[in-house]
2 protein chains.
Amino acid sequence: MARIHNDETGTREQILSCAARLFRTEGYAAVTLRGIAKAIGMTTGSLYYHFSSKEDIVREILDQGHKRVFSEVRGAIEALGENAPCEAILKAGIQKHIECLLGEDSFPSANTRIFAHVPVEVRAPTLGERHKYELYWTDILKSCQKRGAIHPDINPHTLSLLLFGAMNWTLEWYKPGRHGIESIADNLVLLVLRGPKVGARQDGERTPSKVRSVRSVAAKA
Amino acid sequence: MARIHNDETGTREQILSCAARLFRTEGYAAVTLRGIAKAIGMTTGSLYYHFSSKEDIVREILDQGHKRVFSEVRGAIEALGENAPCEAILKAGIQKHIECLLGEDSFPSANTRIFAHVPVEVRAPTLGERHKYELYWTDILKSCQKRGAIHPDINPHTLSLLLFGAMNWTLEWYKPGRHGIESIADNLVLLVLRGPKVGARQDGERTPSKVRSVRSVAAKA
DNA sequence: CGACATACCTAACAACCGTTATTTTCAAAC
DNA sequence: GTTTGAAAATAACGGTTGTTAGGTATGTCG
């Protein structure tokens, strides 16, 4: 039939996901094309039928890794509706971001793990998209601050960077058996949120409702 | 005179600090012995008079990098005296940790930057010391929580890991001109501290004294 | 002066890297 | 049954890696 030759077998995707898994665990420079090829039962030269260079492979992994996190996080937050409470918004965004990083899909984790060590010519074109994600979070935090859920003296942009650090660094210590992802997210939300209100209530924001125990929340999962 | 031959010239230290600077900026695998040698005006083979392997070099950098941060942070905190307010303790520890990472000394930054990408046989022996530092911070946070300065529902150990993330990740975004280190530390302290008190006062802890504006504090620097 | 250890250089080794050109396999199309 | 083209294998290229062996200055000490 008139099938376009694109990828019936999905070999290209197989190369990418396998490379992402290796990048995630071993870092950028330590991963060789021979290693990728061997891991999927191929020969080194055959990779060049699907990709034109090693940088070409890593470029697409960075791209997809970033897009998946962004769209997942945005989807989780938008699913809450227009005027959801700040606590719910932060909880949804933070948890989804961490879930993407620690999940089985290696693209997001490979992205944050090797980004700093990748050649500048492949890193530079991605800076624009990264900045958009940064702005997306900054706007959310700014809005939460305006609604009184975040300490008024905190700089929203700095907060977004510190929050990225806390979230992305989970890659360095998270062990599936010992920690629960939702529990981590709950702890982080408690950090970002201002404790039970102090000043006057601002607008439609309901009082943070005393934010019940993290342990009990995590226990039900 | 009866000078011990040790290192009158300091060549060994020169190699280490130069290698640390390269590791900090380029990552582990990207740094070659030829690169280190050329950077200090030496030949590749000569390095082997001072060190027995590349792993030997990176091993010592990891060691020193970690020790410097630990002793600096502990020194800054102990200088505050026995019963200093939690806010001061956290401020001192967080700021010193970040200062070590972002300062001119490349050992601490090289340590946190390449640790995950270093061969297991050089990483494993350092895990004990790293765990001590983790426990040190966890104890501090636990104590602050007992004194009512940290939200009671937060898990102190998880908090220490999230805090490490926020601090260590500054390496990925800090630009000397655009941000001030003390301002970053102030923002982070505001996050960790529970907002102005809500429940009953706990013990000798003075009320957080309304934690004056981060911007004004940063402006005076 | 000669013995000797220190500190460095020179040149090369085997192994591995990304990349390329050429060849083989093999299923669908005519 | 022959042709065709995609997909993979083969084998090699130049270059770089960590590492090593052997040589060369430069002093110090007896």
Side-chain angles (χ1 to χ4, degrees), chain A residues 1-23 25-62 110 114 117-123, chain B residues 1-23 25-62 110 114 117-123:
Chain A
M1 66 191 72
R3 173 90 67 89
I4 301 190
H5 73 284
N6 221 338
D7 30 347
E8 20 182 342
T9 68
T11 308
R12 190 186 151 93
E13 270 67 21
Q14 198 181 348
I15 295 175
L16 284 177
S17 74
C18 181
R21 186 167 41 83
L22 290 176
F23 281 133
T25 58
E26 305 181 11
Y28 174 69
V31 171
T32 72
L33 293 183
R34 284 170 176 83
I36 299 174
K38 174 175 293 183
I40 61 178
M42 236 188 186
T43 329
T44 315
S46 303
L47 295 177
Y48 281 83
Y49 179 80
H50 304 274
F51 298 93
S52 64
S53 69
K54 182 185 181 183
E55 291 190 1
D56 195 23
I57 296 180
V58 74
R59 196 186 334 267
E60 182 142 347
I61 290 179
L62 288 187
I114 71 178
H117 304 286
V118 143
V120 216
E121 53 266 27
V122 45
R123 186 176 23 182
Chain B
M1 70 191 71
R3 174 88 66 89
I4 301 190
H5 73 284
N6 222 338
D7 30 346
E8 16 182 350
T9 70
T11 307
R12 191 185 150 95
E13 269 68 20
Q14 198 179 349
I15 296 175
L16 283 177
S17 75
C18 181
R21 184 168 41 84
L22 290 175
F23 281 134
T25 58
E26 305 181 12
Y28 174 69
V31 171
T32 72
L33 293 183
R34 282 170 177 82
I36 299 174
K38 175 175 292 182
I40 61 177
M42 236 189 184
T43 329
T44 316
S46 304
L47 295 177
Y48 281 82
Y49 179 78
H50 303 275
F51 299 93
S52 65
S53 70
K54 183 184 180 183
E55 292 190 2
D56 194 23
I57 296 180
V58 73
R59 195 186 335 265
E60 181 142 348
I61 290 180
L62 289 186
I114 70 178
H117 305 287
V118 143
V120 216
E121 54 266 28
V122 45
R123 185 176 23 183

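Just so it is clear: chains get the letters A, B, ... in the order the sequence lines come, proteins before strands, and each one is counted from 1.
Using a 30° and 60° split on the angle between ring planes, A:F23 and A:Y28 fall in the parallel class, below 30°.
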*Under 4.0 Å protein heavy-atom contact, by nucleotide of nucleotides 18-26 of chain D - B base, S sugar-phosphate only*: BBB------
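Considering only side-chain N and O atoms, B:T11 lies nowhere under 4.0 angstrom from the phosphate OP1 or OP2 of C:dA7.
Nucleotide C:dC17 holds its P atom 12 Å from the CG atom of A:L22, rounded to whole Å. For A:L47 and C:dC17, the CG to C1' distance is 14 Å, given to the nearest whole Å. The distance between atom OH of A:Y49 and atom P of D:dG5, rounded to the nearest whole Å, is 12 Å. Distance NE2 (A:H50) to C1' (D:dA6): 10 Å, rounded to an integer number of Å. Nucleotide C:dC17 holds its C1' atom 14 Å from the CD1 atom of A:I57, rounded to whole Å. Here C:dC8 presents its P atom at 12 Å from CZ of B:F51, a figure rounded to the nearest Å.
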Just list the side-chain donor-acceptor pairs under 3.5 Å for residues 34-44 of chain B, sequence neighbours left out, or say none.
none

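Partners of A:E26 by salt bridge (Lys or Arg N to Asp or Glu O under 4.0 Å), not counting sequence neighbours: none found.
Separating the CD1 atom in A:I57 from the CG atom in A:L62 is a distance of 12.0 Å, to the nearest 0.5 Å.
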